[in-house]
Peer 1: 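Can you keep this structure in mind? I'll have questions shortly.
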Amino acid sequence: MRILVINAGSSSLKYQLFDMANETVLAKGKVERIGMDTAILTHEPDSKPEVREVSEILDHTTAIRRVLDMLVHPRDGLLRVISEIDAVGHRVVHGGEAFKGSVLVDSEVKREIKKLFDLAPLHNPAHILGIEAVETNMPHVPQVVVFDTAFHQTMPPAAYLYPVPMAFYRKHKVRRYGFHGTSHQYVSERAAAFLGRSLEQLKIITCHIGNGASLSAVMGGKSVDTSMGMTPLEGLMMGTRSGDLDPAIVPYAMGKEDLTIGEVNSMLNRHSGLLAISGTSSDMREIEEAKAAGDKQATLAFDMFEYRLRKYIGAYAAAMDGVDVLVFTAGIGENSELLRRSVCERLTFLGIDLDEELNRTGSGTERTISRPGSRVEVLVIPTNEEWMIARDTYVLVKERGLLKPNVVQ
Ligand code: AMP
């Protein structure tokens, strides 16, 4: 069974083709600059050279068409015919309160996703374009949507409500939704499997630390709290996002600098975080290099980033009345030995005993970085959101009897 996973943005589209029988990636790639006459398709087939094509791709329908053409290309492709793709899974950022898990796409599901355009104006409209482009190009293929928010729908009201008048929640759906749910779910499941322990019995804090960053408190396999909120702006300090701040700063800054709503939004989403404090970069690798060279602002940016992360870990241990496993994932979590060490060496009171040698060595694999006997197991688990999307798609399509009868599983 072959599943195509699509992550559609407004001007870009990423894809991965999975062979579910062997759990392998047959090809991956992306289309960038959709809407322009110099759009770029980069195709990376497994065990064949990468292909890069520049051409006019004015909309998502054409983008999907080009991807499908590439997948059946006599030299660079991996399939004989497009109908070898059994189902398509889409990443959708916002599922609001309507979606507590992944679902098959139908007209009602599309209507619900469209109702959420207000809550995710940059993402959900692009996802609908992706879904409809697949409908046009492959009218009979079943499609599944997997939501970044769904995993966090198990949070209790005490965690997801904001202490503002209830009308904001009732009328306008103002509440914490959380994001990166597919990643938090994946790494918490993998952590339990890696340790050979039952997920139901574990209290896990998952740290998805990339350009965007969030934590989740996962108790018995369910998200009970997460640091991103109604939007992905809340919580940790990030590459270019501020994370938590006193909300009174918003009207104050608008008044002092004569900013519009759009400008203040842009300041907090695109010009804050590591970038604002370092003054040079939003990229943790560059921050670490500048810090090593003695740059004061980069050092401060790193320290703020680490301090805020450490405070959240403490808070989530409190939220769950303990913690058994701490997981680091995503670009920074998986790769920054310095950040993991800086965080863990000041969390010894929680029972975290980091093994500096294990923390320094190994990459790209699931591994323990705490010492034997550490009360809290500290793990690095590379995230794999695309695989989760493929897996959910496969499970749903199979459950509904939508697998092609001639496909031997
Ligand atoms: P992501 O959004 O998950 O792709 O993560 C991107 C972030 O990971 C960027 O800030 C990168 O600088 C950071 N990153 C990737 N590799 C390393 C590394 N070896 N050390 C520190 N940060 C890294």
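Both ligands and their constituent atoms are indexed starting at 1 by order of listing.
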Peer 1: So, is the end of the R175 side chain (NZ or CZ) under 6.0 Å from the ring centre of Y177 and within 45° of the ring's axis?
Peer 2: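 Cation-pi check for R175 and Y177: passes.
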
Peer 1: Which heavy atom of the protein is the closest neighbour of atom 5 (O) of ligand 1, given with residue, atom name and distance?
Peer 2: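 Residue, atom and distance for the closest contact: G331 CA, 3.3 Å.
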
Peer 1: Atoms of ligand 1 less than 4.0 Å from G210 heavy atoms?
Peer 2: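 Per the distance check, 1 (P), 2 (O), 3 (O), 5 (O).
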
Peer 1: In the protein, which heavy atom is nearest to atom 7 (C) of ligand 1, and how far is it?
Peer 2: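 Looking only at protein heavy atoms, the one closest to atom 7 (C) of ligand 1 is I332 CG1, 3.6 Å.
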
Peer 1: Run the ring-centre check on H127 versus H94 and record whether the distance is less than 6.0 Å.
Peer 2: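 Centroid distance H127-H94: not below 6.0 Å, so no.
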
Peer 1: Scan I352, I204, T368 and name whichever one has a side chain to side chain contact (heavy atoms under 4.5 Å, CB included) with E377.
Peer 2: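 Considering I352, I204, T368, a side chain to side chain contact (heavy atoms under 4.5 Å, CB included) with E377 is found only for T368.
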
Peer 1: When you measure from atom 11 (C) of ligand 1 to every protein heavy atom, which one gives the shortest distance, and what is it?
Peer 2: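 Protein heavy atom with the smallest distance to atom 11 (C) of ligand 1: D283 OD1, 3.7 Å.
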
Peer 1: Which atoms of ligand 1 are found less than 4.0 Å from any heavy atom of A330?
Peer 2: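 Near A330, the atoms of ligand 1 are 3 (O).
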
Peer 1: Under a 4.0 Å N-O cut-off, is there an ion pair linking R91 with D148?
Peer 2: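 Result for this pair is yes, salt bridge flagged.
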
Peer 1: Is K173 close enough and on-axis enough to Y169, meaning under 6.0 Å and within 45°, for cation-pi?
Peer 2: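 Satisfied, under 6.0 Å and within 45°.
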
Peer 1: Which heavy atom of the protein is the closest neighbour of atom 17 (C) of ligand 1, given with residue, atom name and distance?
Peer 2: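 For atom 17 (C) of ligand 1, the nearest protein heavy atom is N335 CB, 3.4 Å.
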
Peer 1: Suppose we measure from atom 2 (O) of ligand 1 to each protein heavy atom; which comes out shortest, and what is that distance?
Peer 2: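 Here the closest protein heavy atom is N211 N, 2.8 Å.
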
Peer 1: Quick one: pull up CD in E32 and OG1 in T38 and give me the separation to the nearest 0.5 Å.
Peer 2: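 Answer rounded to 0.5 Å: 11.0 Å.
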
Peer 1: Please write down residue, atom name and distance for the protein heavy atom closest to atom 10 (O) of ligand 1.
Peer 2: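 Heavy-atom neighbour on the protein nearest atom 10 (O) of ligand 1: M284 N, 3.0 Å.
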
